[in-house]
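Worksheet: the structure to be examined is printed underneath.
In this chain, residues are counted from 1 in sequence order.
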Amino acid sequence: MGNDVSPLWYWAVLLVYCLFVVYLGWDAYKKQKSAGSAEEEHHDFWITGRSQPAYMVGMSVASGWMLIGMITWMTWATYDQGLSGLWVVAIPWFLSNLLQFALARPLRRIKAISQCEMLQNRFGLPARTLAAMVNIFSYTLWSAAELYAAALIMAPALDISVNAMIIIYAIPIALYMYMGGFRSVINANIIQFFMGAIILVVTAGAMYFTAHGIAAENHTTIWEMLKQQTIINEMAYPYQEGAKATNLFAFVSLSFPLIIMFGLVPGWGAAEDFWLKAQAAISTKEARKGAIYSLIYNTTLIVACSSIIGIFGLIIFKPEVKDGVLHAAKVLGDKGGYNVISVYINQYMSPWVKALLIFLLSAHSMSTVANYSNVSAMNVSYDVLQPLWYKRKGWSDEKIVKWSRIITFLMVIINIGIAMLYNMPTVGATLNDAYFLSSGLLTAGVAVMLYALFWKRANLFGVMAGGISGLIGTIVFFILEYKVWNFSYTMPIWDWIFGKGSMASSYLGYCVVGLVCGLAGLIIGTYLTAPPTEAQLAAVADEPIDDNEEFFKALRENA
């Protein structure tokens, strides 16, 4: 990849870009150091002093979710299953964005920076610690995976090893996060948003013209060619006999889309990346506007462009029949639809356009790595160490700020180590399992607890029972599903409604089981113990708190 353009070009542009993001970190650092007190500096480091306008919130959220994995997942879904593939990722993701908009106002009714701190205010310190540990596990794996994916793209272009690229790539991220924390992350997100938008729009547009040309050569149209496509279904999920790629309802039942929505959407909606940015907005009105902007950006850029790319891929990389079974085009390799974007860029783009897109794709990945590294660092330093160590040892605000920066830097270093493990074949499969497992854990372990914030009957015992039972249910059933039963089992009630093997063939049964266990633990635990006190209920105000003086005063009093 990138052999048509000299590696010197990549080195020069990458160096300029790295210097630019480090400058953003330095600029944020100077602003924080000019604050009136170490406490204000600390608040700016984690939440920019609640000063972000709507467009910054919207662009930053969208930029953070332009994951290489999310983009290629959406592309694979429509390449593998035609329009019906929209139910697999795109539609649930759209619904999760609507959920985030609905949450923008309620979450600002709690005087807390992180969602884990919200849990402490409403239920107690154990709830904060439990949620923080799950978030640390999930977001660290995600950011390390993105770091590894970006290194895979850029290493051949720079003519160096993947491990060396991981280190080179992580250095500027570690530096600008150390200096500016959340402020430098959100500032860099803006330029990275445009990078991601250019990649998706240019690729989708170019693929349209290529597909249109192929259709013209065959004296037909893209739509007519799509009508002739039979759905490929590598996941062995049952679909209608003779269904075409243009059929949005090609599934025999909605079992698989429902599993996605039940198992993953609650966790996506509760993503701490969004909660933090909504809380960082200047006002609740700006937070809600930011959520709308994010919805628009996500729908038009990530969802629409990624899905369209997969659809056009059916024309450009026509599926092939092998041993009587329809498979992805051979040129796409073992990953099939996941490789549509990278293979198209390499085979159809001119050398300099290809070089530009490769650079933009890898540089844009800094957005996700930084976003999730920041979340992990905040969970470690602010949600675990601050209440359990910093405050109990009587540390000054100056010392807490210093260690907040150090922890942030160290989290990126940890990401380097995990990303290198991804590069080891003997370990990669295990990390892959953990990567997918983390999505279910966010729904069953964290989202169940978070949504209970707004249930007045919920109490500490209930949310702890819900979180722990959700985690155990997810992990145990994941092991059974993936390692013991090998996706061959019968699920009572579900299979009776949707057909034999409908849950097993989804490969995501552990998400639904974990969610059911989490909800059962929450409800049973809540009603087995006494209702919460008035003081605990008062942690969730009747109206959003937009007065920053009142907000930060509450943080001092609750510390």
Side-chain angles (χ1 to χ4, degrees), residues 1 14 18 64 67-73 76 132-175 177-178 267 271-273 333-335 338-339 342 361-381 384 406-442 445-446 471 474-475 478-479 481-483 507-508 510:
M1 199 178 271
L14 182 63
C18 289
L67 299 88
I68 293 176
M70 179 67 75
I71 291 169
T72 55
W73 191 12
W76 162 81
M133 297 306 293
V134 180
N135 276 344
I136 292 167
F137 173 82
S138 300
Y139 292 117
T140 299
L141 286 182
W142 286 358
S143 53
E146 287 295 303
L147 180 59
Y148 172 62
L152 282 178
I153 294 170
M154 280 299 287
L158 296 178
D159 196 24
I160 59 176
S161 71
V162 172
N163 282 349
M165 189 67 240
I166 288 172
I167 296 173
I168 293 172
Y169 197 75
I171 288 173
I173 299 175
L175 288 175
M177 286 185 61
Y178 169 83
E272 183 154 17
D273 176 52
D334 295 338
K335 297 295 184 181
Y338 288 103
N339 284 336
S342 59
L361 189 61
S362 61
H364 163 73
S365 296
M366 281 190 182
S367 174
T368 303
V369 176
N371 271 284
Y372 292 152
S373 294
N374 178 73
V375 169
S376 299
M378 182 177 65
N379 290 146
V380 172
S381 184
V384 177
I406 292 172
I407 295 297
T408 300
F409 185 88
L410 291 178
M411 290 307 298
V412 179
I413 302 304
I414 290 172
N415 285 338
I416 292 175
I418 297 176
M420 287 183 176
L421 289 178
Y422 273 102
N423 201 36
M424 295 173 60
T426 55
V427 182
T430 302
L431 284 176
N432 240 1
D433 289 347
Y435 181 85
F436 291 112
L437 173 63
S438 62
S439 295
L441 292 177
L442 283 177
V446 178
L471 293 175
T474 302
I475 294 170
F478 178 85
I479 294 172
E481 187 173 23
Y482 276 70
K483 308 300 181 182
Y507 296 81
L508 292 169
Y510 66 93

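To the nearest 0.5 angstrom, Thr408 atom OG1 is 13.0 Å from Ile173 atom CD1. For the atom pair CE of Met411 and CD1 of Ile136, the computed distance is 6.5 Å after rounding to the nearest 0.5 Å. Between Met177 atom CE and Asn371 atom CG the span is 8.5 Å, to the nearest 0.5 Å. Rounding to the nearest 0.5 Å gives a distance of 12.0 Å between CG of Leu141 and CD of Glu146. Expressed to the nearest 0.5 Å, how far CG of Leu421 lies from CD1 of Ile166 amounts to 9.5 Å.
Using bins of under 30°, 30° to 60° and over 60° for the plane-to-plane angle, the ring pair Tyr178/Phe409 lands in the perpendicular bin.
Annotation: side chain of Tyr148 is in contact with side chain of Val162 (closest heavy-atom distance under 4.5 Å).
For Ala132, the side chain to side chain contact (heavy atoms under 4.5 Å, CB included) partners at least two apart in sequence or on another chain are Cys116, Asn379, Asp383, Val384. The side-chain hydrogen bond (donor to acceptor under 3.5 Å, both in side chains) search around Ser376 returns Thr140, not counting sequence neighbours. For Ile160, the side chain to side chain contact (heavy atoms under 4.5 Å, CB included) partners at least two apart in sequence or on another chain are Trp11, Leu158, Ala164, Met165, Ile168. For Ser138, the side chain to side chain contact (heavy atoms under 4.5 Å, CB included) partners are Val134, Ser438, Leu442, not counting sequence neighbours. Applying the side-chain hydrogen bond (donor to acceptor under 3.5 Å, both in side chains) rule to Asn374 yields no partners; only residues at least two apart in sequence or on another chain are considered. Every residue two or more places apart in sequence or in another chain that forms a side-chain hydrogen bond (donor to acceptor under 3.5 Å, both in side chains) with Asn163 is listed here: Asn423. Residues satisfying the side chain to side chain contact (heavy atoms under 4.5 Å, CB included) test with Ser143, not counting sequence neighbours, are Tyr372, Ser373, Asn415. Under the side-chain hydrogen bond (donor to acceptor under 3.5 Å, both in side chains) criterion, Asp273 pairs with Lys277, not counting sequence neighbours.
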Original post:
side-chain contact (heavy atoms from CB on, under 4.5 Å) between Tyr510 and Leu508: does it pass, once the steps are laid out?
Top reply: CA-CA 5 Å; Tyr510 66 93; Leu508 292 169; 3.7 Å; yes

Subject >> Test side-chain contact (heavy atoms from CB on, under 4.5 Å) applied to Val446 and Leu441, step by step >> reply: CA-CA 7 Å; Val446 178; Leu441 292 177; over 6 Å; no

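In this structure, the side chain of Tyr482 engages the main chain of Tyr507 through a donor-acceptor pair within 3.5 Å.
Taking every heavy atom of both residues into account, Tyr139 and Ala271 meet most closely at OH-CA, 3.4 Å. Counting all heavy atoms, side chain and backbone alike, Ala151 lies closest to Pro156 at O-CD, 4.4 Å.
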